[in-house]
Each structure stands twice: as C-alpha cells, then as structure tokens.
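First the structure, in the form of structure tokens, and then the observations on it.
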Amino acid sequence: MKKVLVDACGWVAVIEAGINIDLALLDCCGCKDLAIVPNVISELESLKNSKLMISMLESKAEMLVAPTDTGKHTDDQLFALAVQNNWPILTVDTDLKRRLSKSNLHWVEVSGRTHLRMV
C-alpha cells in the first residue's frame with residue numbers, strides 16, 4: 001500500500017499553513033496513509049512548539065523501523081525508505097528534494113501556503 005513519508009519540516013509547514021492533511025493528501029496523491037521514523041518525532045519535540053500537533057501525527061502515521069544501514073540522519077532514513085518503497089516524502093527541505101529529484105522520486109510539498117502538491 002502506498003504511503004507518504006513525513007519529514008519534520010514538511011509537517012511543520014502543513015501545520016503552519018493550516019492545511020487539512022487528510023483531504024489535501026487525497027487530493028494531491030490519492031492516499032492519506034502516513035509513515036514516519038522515530039527521528040521525525042524527536043526533531044519535532046526539539047522545536048518545543050506546542051502547536052505542532054505531534055500527537056495528531058503519531059495517531060495518523062505508521063511508525064516504521066528506521067533502516068539501520070543508512071546512518072542516524074533523518075533525511076537519510078526517509079530517503080532510503082522512499083527508494084525501497086517508491087513512496088513520496090512530505091517535505092519542504094531543499095536538499096532532500098534535490099536528492100529525491102536526482103533519483104527520480106516524488107515528494108509532496110506545501111504550495112502557496114494553501115495546498116499540497118506532488119512533484
């Protein structure tokens with residue numbers, strides 16, 4: 001089943017834009033199933049912003065075991081899972097999007113602070 005991997009910065013962008021994640025994902029990529037790795041939650045917790053709705057992300061997303069052969073960096077773990085499963089990553093991280101583009105993989109980004117689009 002297709003899932004959308006969530007990067008911490010992508011989640012922050014969705015929350016700040018006030019986007020309904022379920023409807024927006026269905027509209028832009030036809031699925032609303034999210035997946036995360038533990039590092040994403042750690043990164044969000046380090047931001048100490050109570051408006052990030054971490055509990056909502058945890059309830060909506062499947063927690064995956066991070067690949068052990070990719071190192072400890074969140075982007076590397078998400079990238080490896082994207083390659084392995086051909087899943088897009090919800091992100092606004094320019095470097096991560098560049099890596100995905102070079103590997104012909106998709107990503108989902110906040111566009112115009114109003115909606116999501118898949119690239």
Side-chain angles (χ1 to χ4, degrees):
M1 174 184 284
K2 182 178 177 180
K3 296 188 184 299
V4 176
L5 297 160
V6 180
D7 188 24
C9 65
W11 184 251
V12 170
V14 165
I15 297 303
E16 287 180 350
I19 294 172
N20 179 317
I21 189 71
D22 293 330
L23 294 176
L25 283 173
L26 283 172
D27 186 46
C28 88
C29 56
C31 78
K32 64 177 187 172
D33 295 320
L34 302 175
I36 55 176
V37 294
N39 281 0
V40 170
I41 298 301
S42 298
E43 288 180 6
L44 290 170
E45 288 172 342
S46 74
L47 297 175
K48 296 184 175 129
N49 182 343
S50 63
K51 296 180 182 178
L52 289 179
M53 303 175 97
I54 295 170
S55 61
M56 184 173 80
L57 176 60
E58 290 176 313
S59 71
K60 290 182 172 293
E62 177 183 350
M63 182 66 72
L64 302 176
V65 175
T68 57
D69 59 343
T70 61
K72 294 184 180 182
H73 194 275
T74 308
D75 288 356
D76 295 336
Q77 295 171 353
L78 291 170
F79 183 80
L81 288 166
V83 169
Q84 177 183 346
N85 298 292
N86 196 31
W87 292 340
I89 300 176
L90 171 62
T91 189
V92 293
D93 182 304
T94 304
D95 291 332
L96 181 54
K97 291 190 292 188
R98 188 176 299 116
R99 287 176 69 186
L100 292 165
S101 178
K102 286 180 181 179
S103 295
N104 292 319
L105 294 168
H106 293 283
W107 65 89
V108 176
E109 63 185 4
V110 173
S111 180
R113 296 194 51 87
T114 60
H115 64 281
L116 299 180
R117 73 173 179 164
M118 180 144 55
V119 181

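The figures that follow rest on heavy atoms only: side chains count, while hydrogens, waters and symmetry mates do not.
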Return the minimal non-hydrogen interatomic distance between [X] and [Y], and the atom names on each side.
X	Y	value
Met118	His106	SD-CB, 3.8 Å
Val108	Pro88	CG2-CB, 4.1 Å
Val37	Gln77	CG2-OE1, 3.6 Å
Lys2	Cys29	NZ-O, 3.6 Å
Trp87	Ala35	CZ3-CB, 4.5 Å
Cys31	Leu25	O-CB, 3.2 Å

Does any part of the side chain of Thr74, heavy atoms only, come nearer than 4.5 Å to the side chain of Glu43, both counted from C-beta? yes
Within a strict 4.5 Å, meaning less than it, do heavy atoms of the Leu78 and Thr91 side chains meet? no
With side-chain contact (heavy atoms from CB on, under 4.5 Å) as the criterion, how do Asp33 and Glu62 come out once you've worked through the C-alpha distance, each side chain's angles and the decisive distance to 0.1 Å? CA-CA 8 Å; Asp33 295 320; Glu62 177 183 350; over 6 Å; no
Would [X] and [Y] show up in the same hydrophobic cluster when neighbours are defined by side-chain heavy atoms closer than 4.5 Å?
X	Y	answer
Leu26	Val110	no
Met53	Leu5	yes
Val92	Leu44	no
Val14	Val119	yes

Test side-chain contact (heavy atoms from CB on, under 4.5 Å) on Met56 and Ile15; report intermediate values, then the result. CA-CA 11 Å; Met56 184 173 80; Ile15 297 303; 4.1 Å; yes
If you measure from [atom1] on [X] to [atom2] on [Y], what distance do you get to the nearest 0.5 Å?
X	Y	atom1	atom2	value
Leu64	Lys3	CG	NZ	7.5 Å
Glu16	Ile19	CD	CD1	10.5 Å
Asp75	Leu96	CG	CG	4.5 Å
Lys60	Leu34	NZ	CG	7.5 Å
Asn39	Ser46	CG	OG	10.5 Å
Trp107	Arg117	CH2	CZ	8.5 Å

Mind running side-chain contact (heavy atoms from CB on, under 4.5 Å) on Ile41 and Met63 for me, showing each step along the way? CA-CA 10 Å; Ile41 298 301; Met63 182 66 72; 3.9 Å; yes
May I ask you to decide if Leu23's main-chain N or O and Asp27's side chain share a donor-acceptor pair within less than 3.5 Å?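 Between the backbone of Leu23 and the side chain of Asp27 there is no qualifying donor-acceptor contact (under 3.5 Å).
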Just wondering, are more than 12 heavy atoms of other shown residues or ligands nearer than 6.0 Å to NZ in Lys97?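 Above 12, so yes.
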Mind running side-chain contact (heavy atoms from CB on, under 4.5 Å) on Leu90 and Ile21 for me, showing each step along the way? CA-CA 11 Å; Leu90 171 62; Ile21 189 71; 4.1 Å; yes
